Amino acid sequence: MSVLIFAELEEGAIKKSSLEAIYYGSKVAEQTGTTATALVLGEGSADELAKAGRFGAAKVLHASETRLNEGNALAYASAVAEAVHQEGATIIVLAKSSLADSMAARLAGKLKAGLAANVIELPDLSSGFRVKRSIFTGKAFAITELTAEKKILTIKKNTITPEETDAVAPVEAFKPALNDSDFTVKVTNVEKATGDVLLPEADLVVSAGRGLKGPENWGIVENLAKALHAATACSKPVSDLDWRPHHEHVGQTGIKISPNLYIACGISGAIQHLAGVNSSKVIVVINKDSEAPFFKSADYGIVGDVFDVLPRLTKAVKEL
Amino acid sequence: MKILVCVTSVPDTITKITLTDNNTKLNKAGVQFITGPYDDYALSRAVELKEQLGGTVTVLNVGEADAEPVIRKCLAIGADDAIRVNAEPTDAYFVAEQIAAIAKENNYDLILMGRESIDYNGGQVHGIVGEMLGIPSISPVMKLAIEGTTAKITREIEGGHEDLEAGLPLVLGCQEPIAEWKIPNMRGIMTARTKKLTVVEPSGNDTLTQISSYELPPARGACKMIPASEAETLIKLLRTEAKVI
Ligand SMILES: Cc1cc2nc3c(=O)[nH]c(=O)nc-3n(C[C@@H](O)[C@H](O)[C@H](O)COP(=O)(O)OP(=O)(O)OC[C@H]3O[C@@H](n4cnc5c(N)ncnc54)[C@H](O)[C@@H]3O)c2cc1C
Ligand SMILES: Cc1cc2nc3c(=O)[nH]c(=O)nc-3n(C[C@H](O)[C@H](O)[C@H](O)COP(=O)(O)OP(=O)(O)OC[C@H]3O[C@@H](n4cnc5c(N)ncnc54)[C@H](O)[C@@H]3O)c2cc1C
């Protein structure tokens, strides 16, 4: 029995959410009296691998394969399953992400493992193995018992506050068998914003809705985001109207986020919008209508015009 | 083209969740059930593909009899027939097993699902089914075109999207803007009544997770209002009081 954490690389660096997963996994290992191993797939530098040890992994398995540089859910699931067998792992921990979600599902099928998605706390081992997971896009939680021998937990961002130590973990080379059948889906083109803070990973998010009136006005949103080093997001109508790219759309039918700070500008606060953002730690609402429903779910509110307020907030951030 | 669309029956997106039976059950009283919005996208695209390429669209739900109005609505939108696996589906692995069993008997070219259920948000049934059938699964899919036996797919990734090509059969988890949601018309509603809805009993009983109780999130504290004329104070409060920047 041991805990295996899948640590995801993004442009050669372990993602912040994965560092949180490693720390979480090391705590589960403490709870269950075993050790935590981090698994890294694809080429990564020694500096990056060392981070896994500092965030709690007792050992790092590294498959430095160019074929695994591209996040391929099928090939990753095969490699993780092989590592699970090699290490005798019974608990697999990952941070929610577009790749990890697809991979975890394949893995659950391969291992006949119980999968709990959107876990938000450490497990409760007082009777069986229970986790608390977010359901109904944050509108409720389900205390879920995992009854299979193998258990997969995908954790939501901000589930645990990781602590970095100066611990050093040994790195072992891992050579998974790569099956051609896992590589039949061909990637013909990738378009990805570079240099920007990725929305699901972001600690701070500035989001805007139809109140901005048109795509040409997004400069004031981007300027505030830039000053805060925040990611930008939007409501569904804004992406439906093609004012902003679809990957910025948050809510019940978009991306679900749980940043430390969510600033909503000119968004009314429909229940479907709230569903994607209500687990943010602090919510700020800026809306010219004092009756906008969003104020009921906010921690700080400003009744005002975004075209006046946003530039002033940007200036205030720069003067901090 | 033989397409299977898997749909869930879920509480409407505007539902306020409440609990009953000592917090061990969701309170269904007064709750309107709908087809999962992502499943609706999958179904709409399936109907479009059928119109374009010919073939059949079968709708599948693993669930209890009270989901039948939702299934009938899918038939009204344009599915040809439907299957309901008669069970209380509390676990994704169990649901996947049921879907895989039916898929094995019927050789579908495409199995379309939603990217995730909007009740339990697992995002996993398509992956598990793909694994059980030994075929690729791809999610979340934003665009889907079929050229011969090849699917051309756009998948959302963090911060962007990627274009993919894959041979059929495939399992896909769909999301917008793969198609516009379709609204059933009068003719659709009339013909849906006579379309075949087969009820089958479940095979296997591998339930790997079990919900012991539910909780509701704590209410947020009161909203602190800052006059627009002093908007700059907000930034100070975020630093000194909320400590998030
Ligand atoms: C106590 C309880 C009772 C339930 N009763 C019902 C019920 O009567 N009817 C019902 O539809 N759901 C019911 N559900 C919901 C249940 O079927 C979940 O959908 C299932 O557990 C998978 O959840 P998930 O979030 O992991 O799915 P995900 O992996 O997020 O789902 C992805 C996609 O898989 C497909 N899919 C998921 N579940 C089903 C399903 N049951 N049938 C067909 N396709 C599916 C859909 O296309 C969905 O978009 C019940 C759940 C519980 C806990
Ligand atoms: C099944 C389903 C799923 C959905 N999923 C989602 C989802 O995932 N995400 C989502 O966001 N929505 C979703 N929706 C849509 C949702 O119901 C709302 O329609 C949507 O969130 C409204 O977007 P908005 O707040 O930008 O626009 P509006 O509701 O039009 O609000 C604009 C706001 O801007 C304010 N405003 C206008 N001008 C100014 C100004 N100058 N300064 C300050 N404030 C100003 C107005 O007072 C108003 O409150 C879904 C709907 C359905 C039916």
Side-chain angles (χ1 to χ4, degrees), chain A residues 74 97-98 101-102 105-106 108-110 114-118 130 135-137 139-148 184-193 196 198 200 204 228 246-247 252-253 260-261 271-272 281-282 284 295 297-304 309 312-313 316-317 320, chain B residues 13-14 17 37-38 92-93 96 118-124 126-128 130-132 136-140 142 156-167 175-177 206 208-217 220-221 223-226 228 231-232 234-235 237-239 242 244-245:
Chain A
L74 271 63
S97 81
S98 153
D101 287 351
S102 307
R106 299 292 301 203
K110 276 186 203 296
L115 193 170
N118 299 305
R130 290 179 186 201
I135 58 169
F136 286 96
T137 11
K139 287 198 266 183
F141 305 106
I143 311 299
T144 305
E145 181 168 0
L146 302 180
T147 49
T184 57
V185 177
K186 296 272 169 288
V187 181
T188 54
N189 178 39
V190 179
E191 273 172 47
K192 193 172 165 127
D196 293 352
L198 285 180
L204 310 176
L228 286 167
H246 188 270
H247 62 256
Q252 179 121 40
T253 50
N260 294 336
L261 173 64
I271 191 162
Q272 297 97 348
K281 272 193 196 154
V282 174
V284 173
F295 286 116
S297 308
D299 301 289
Y300 296 96
I302 298 178
V303 178
V309 172
R312 285 168 50 210
L313 294 180
V317 171
L320 269 182
Chain B
T13 53
I14 56 170
I17 305 294
Y38 293 118
Y93 193 92
I118 65 154
D119 47 5
Y120 292 92
N121 308 131
Q124 50 181 323
H126 29 75
I128 305 176
E131 193 61 40
M132 286 173 171
S137 52
I138 300 169
S139 176
M142 304 169 72
E156 186 160 271
I157 55 174
E158 276 147 34
H161 56 84
E162 61 184 12
D163 298 331
L164 307 170
E165 274 182 31
Q175 71 168 29
E176 62 185 12
D206 287 310
L208 309 182
T209 61
Q210 208 171 344
I211 296 175
S212 46
S213 64
Y214 294 90
E215 288 176 18
L216 296 177
R220 254 173 216 277
C223 179
K224 194 173 216 169
M225 298 306 293
I226 298 158
E232 291 79 3
L234 171 71
I235 301 301
L237 289 172
L238 291 177
R239 169 145 302 177
V244 285
I245 61 171

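Any value given below was found using the heavy atoms of this structure, including those in side chains, with hydrogens, waters and symmetry copies removed. Everything quoted here is computed from the prediction, not taken from an experiment. Throughout, protein chains are lettered first and strands after them, A, B, ... in sequence-line order, and every chain is numbered starting at 1.
A distance of 4.5 Å separates CG of Asp163(B) from OG1 of Thr188(A), quoted to the nearest 0.5 Å. In this structure, the separation between CG on Leu237(B) and CG on Asp299(A) is 11.5 Å, given to the nearest 0.5 Å. To the nearest 0.5 Å, the span separating CZ on Arg106(A) from CD on Gln124(B) amounts to 13.5 Å. If you take CD on Gln210(B) and CD on Glu145(A), they are separated by 6.5 Å, rounding to the nearest 0.5 Å. Distance CZ/Phe136(A) to CD1/Ile118(B): 7.5 Å, rounded to 0.5 Å.
Here the closest heavy-atom approach between residue Gly304(A) and residue Ala228(B) is recorded as CA-CB, 4.2 Å. Of all heavy-atom pairs spanning Ile128(B) and Gly109(A), the tightest one is CG2-CA, 3.9 Å. Ala140(A) approaches Leu216(B) most closely through the heavy-atom pair CB-CD2, 4.0 Å. When all heavy atoms of Glu158(B) and Ser98(A) are compared, the closest pair comes out as OE2-N, 2.8 Å. The two residues Leu313(A) and Ala231(B) make their nearest non-hydrogen contact at CD2-O, 3.3 Å. Across all non-hydrogen atoms, the minimal contact from Ala105(A) to Gly123(B) is CB-O, 4.4 Å.
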| message | One pair to check against side-chain contact (heavy atoms from CB on, under 4.5 Å): His161(B) and His246(A). What are the steps and the verdict? | response | CA-CA 9 Å; His161(B) 56 84; His246(A) 188 270; over 6 Å; no
| request: Would you check, one step at a time, whether the test side-chain contact (heavy atoms from CB on, under 4.5 Å) holds for Leu74(A) with Glu131(B)? | output: CA-CA 9 Å; Leu74(A) 271 63; Glu131(B) 193 61 40; 5.8 Å; no
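Most heavy-atom pairs under 4.5 Å with chain A, from the set Glu232(B), Glu162(B), Arg220(B): that is Arg220(B). Among His126(B), Lys224(B), Arg239(B), the residue with the largest count of heavy-atom pairs under 4.5 Å with chain A is Lys224(B). Note on Ser212(B), Gly160(B), Ala92(B), Gly159(B): by heavy-atom pairs under 4.5 Å with chain A, the leading option is Gly159(B). Ranked by non-hydrogen atom pairs under 4.5 Å with chain A, the options Gly221(B), Ala166(B), Ser213(B), Gly167(B) are led by Ser213(B). The greatest number of non-hydrogen atom pairs below 4.5 Å with chain A, out of Pro177(B), Ser139(B), Gly130(B), is found for Gly130(B).
Partner of Thr209(B) under the side-chain contact (heavy atoms from CB on, under 4.5 Å) criterion, out of Leu146(A), Leu115(A), Thr147(A): Leu146(A) alone. In summary, of the residues considered (Leu261(A), Leu228(A), Val284(A)), a side-chain contact (heavy atoms from CB on, under 4.5 Å) with Val244(B) occurs for Leu261(A) alone.
Interface residue Leu238(B): only side-chain heavy atoms are found under 4.5 Å from chain A. For Ile17(B), the part sitting under 4.5 Å from any heavy atom of chain A is the side chain, from C-beta outward, and nothing else. Both the backbone and the side chain of Glu156(B) come within less than 4.5 Å of a heavy atom in chain A. Heavy-atom distances place both the backbone and the side chain of Met225(B) under 4.5 Å from chain A. Contact annotation for Ala96(B): neither backbone nor side-chain heavy atoms come within less than 4.5 Å of a heavy atom of chain A. Within the 4.5 angstrom heavy-atom criterion, only side-chain atoms of Leu198(A), from C-beta onward, approach chain B. When heavy atoms are compared at a cutoff of 4.5 Å, Leu234(B) approaches chain A solely by way of its side chain, counted from C-beta outward. Contacts between Tyr120(B) and chain A at a heavy-atom distance below 4.5 Å involve backbone atoms as well as side-chain atoms. Only the side chain of Pro37(B) comes within contact range of chain A, with at least one heavy atom under 4.5 Å from a heavy atom of that chain. For Tyr38(B), the part lying under 4.5 angstrom from a heavy atom of chain A is the side chain only.
Looking only at side-chain heavy atoms (C-beta outward), Leu320(A) and Ile245(B) come within less than 4.5 Å of each other. No side-chain heavy atom of Ile143(A) sits less than 4.5 Å from a side-chain heavy atom of Tyr214(B). Taking 4.5 Å as the limit, every side-chain heavy atom of Ile157(B) sits out of range of all side-chain heavy atoms of Glu191(A).
Using modelled atom types and a 3.5 Å distance limit, the side chains of Gln252(A) and Thr13(B) yield no donor-acceptor pair.
Glu165(B) has no carboxylate O lying under 4.0 Å from a charged side-chain N of Lys186(A), or vice versa, which leaves the two without a salt bridge.
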